[in-house]
Amino acid sequence: MTENNWRVSDNEIIFIKKAIRDKLNGKYLIKFESELAKKFKTKYAIAVNSGTSALHTALYALGIKAGDEVIVPPLTFSATAFAVLYLGAKPVFADIDVETFNICPKSIKKKINNKTKAIITVSIFGLIPNMKEILKIKKKFKLMLLEDNAETIFSKYKNKISGSFGDMSIMSFQRSKHLTMGDGGAILTNSKKYFLKAKQFSVLGYRGLVKNKVNENIKDKFQNPNYFRHQIVAPNYRMPEIIAAAGIAQLKKTNYFLKKRVYIGNEYKKIARKYSWVIFQKTPKHYFHSYWTFAFYFKTSKIDWFEFRKKFIQFGGERFYSAWKLSYQEPALKNKYSKTLCKNAEILQKKLILLKTNFIDKKRIRDQINIFDKTLLFFKLKYDL
């Protein structure tokens, strides 16, 4: 594969042109869904217009409704909690593990009551949470499990990949993610029941649109003055045909993209290990990290977050990410969750530095790794660490 500075190339353009020449007839969306399911070893896949739409749709399919409670992590993009609210349910925040930065099973247990119907796990920064313990909780309390895998592809616990643990899982194709078409999302499941409910919900509650094939006879059936179209009130989350066409090209590069991310993440880790005061996200034994980002913080209080960012960029480093404000601290939710306290998450959120790993060009990758080392060495010498 030709190296370039961006993850979208002529291959995507070729597929988009084909879709246009074929008059956007729907077959590329169907092909993308079929290939997505095959690639991630699941029976069903539904492509939608964003990861947030995927969360909303999946929760609906799982039967989440007004008055229910869904346990979620606070340290993640707020769409995870928002999707619960869209259905009139309540997101309940469980704290995170201080080493893996993922939702903590012990905290999950403390939050369960007779209103709890589901858990949403997030493979934060590319690492699957403690599924061994979470699956025990799921079974004991008879809860639904939705995996939010917006930040990972092919991360593993033992021989099982992300997306193969829950009742349903979701993906995101937003431009920072492992696979990207600029935006988009998907729902994966092995349950025909959940697939049918999710498919219908994602396309305005239409009847008869669940078969994955282009059928002109069905189109003729719609054009009947006596035909009833909408079985339920639902949003229109369908992925556009052009985006799906680009997605087909992206799927051909999954292993290539993953290999790049993992290499960069592991190289950052080698650098971080040289400095005892750099604490990075722990990857436990039997886990495989897919590195949406490389997450770390400083054990010392001598280095200010903003000071590090300024020097890193000054040395030529890419502008890295901060951790999002905790979902319950955002203005949209703050008044509803004024008493919520996730101590570990609140401490870590302010400290976390998330280095980008979405680079393709070899020189650019090498430069970023060296700049990370150079910046850490600068502060080591400056503060005699």
Is the [X] to [Y] ring centre distance short of 6.0 Å?
X: F298; Y: F308; result: yes
X: F125; Y: Y321; result: no
X: F312; Y: F320; result: yes
X: Y60; Y: Y86; result: no
X: Y44; Y: F195; result: yes

Atom [atom1] of [X] and atom [atom2] of [Y]: how far apart are they, to the nearest 0.5 Å?
X: N266; Y: I369; atom1: CG; atom2: CD1; result: 10.0 Å
X: E69; Y: N114; atom1: CD; atom2: CG; result: 8.5 Å
X: K109; Y: K140; atom1: NZ; atom2: NZ; result: 5.5 Å
X: I187; Y: I46; atom1: CD1; atom2: CD1; result: 5.0 Å
X: H230; Y: Y206; atom1: NE2; atom2: OH; result: 4.5 Å
X: D373; Y: I271; atom1: CG; atom2: CD1; result: 4.0 Å

For a salt bridge (Lys or Arg N to Asp or Glu O under 4.0 Å) check, start with the C-alpha distance between K363 and D367, then their side-chain angles and the critical distance, and finish with the verdict.
CA-CA 6 Å; K363 183 181 183 304; D367 287 346; 2.8 Å; yes
Does one side chain, of E346 or Y328, offer a donor that lies under 3.5 Å from an acceptor on the other?
yes
D22/K27 under salt bridge (Lys or Arg N to Asp or Glu O under 4.0 Å): CA gap, chis, key distance, verdict
CA-CA 9 Å; D22 288 338; K27 72 178 184 180; 3.2 Å; yes
Is it the case that one hydrophobic cluster holds both [X] and [Y], taking links as side-chain heavy atoms less than 4.5 Å apart, direct or via other members?
X: I119; Y: I124; answer: no
X: F306; Y: Y383; answer: yes
X: I71; Y: L75; answer: no
X: I103; Y: L341; answer: no

Tell me whether the NZ or CZ atom of K380 lies within the 45° cone about the ring axis of Y275 and under 6.0 Å from its centre.
no
Apply salt bridge (Lys or Arg N to Asp or Glu O under 4.0 Å) to D304 and R309, showing your working.
CA-CA 9 Å; D304 177 73; R309 179 181 173 84; over 6 Å; no
Would you sort out whether Q174 and S172 count as a side-chain hydrogen bond (donor to acceptor under 3.5 Å, both in side chains), showing the intermediate values?
CA-CA 6 Å; Q174 181 266 350; S172 170; 5.2 Å; no
Evaluate side-chain hydrogen bond (donor to acceptor under 3.5 Å, both in side chains) for E151 paired with H178, printing each intermediate quantity in order.
CA-CA 7 Å; E151 297 176 15; H178 288 75; over 6 Å; no
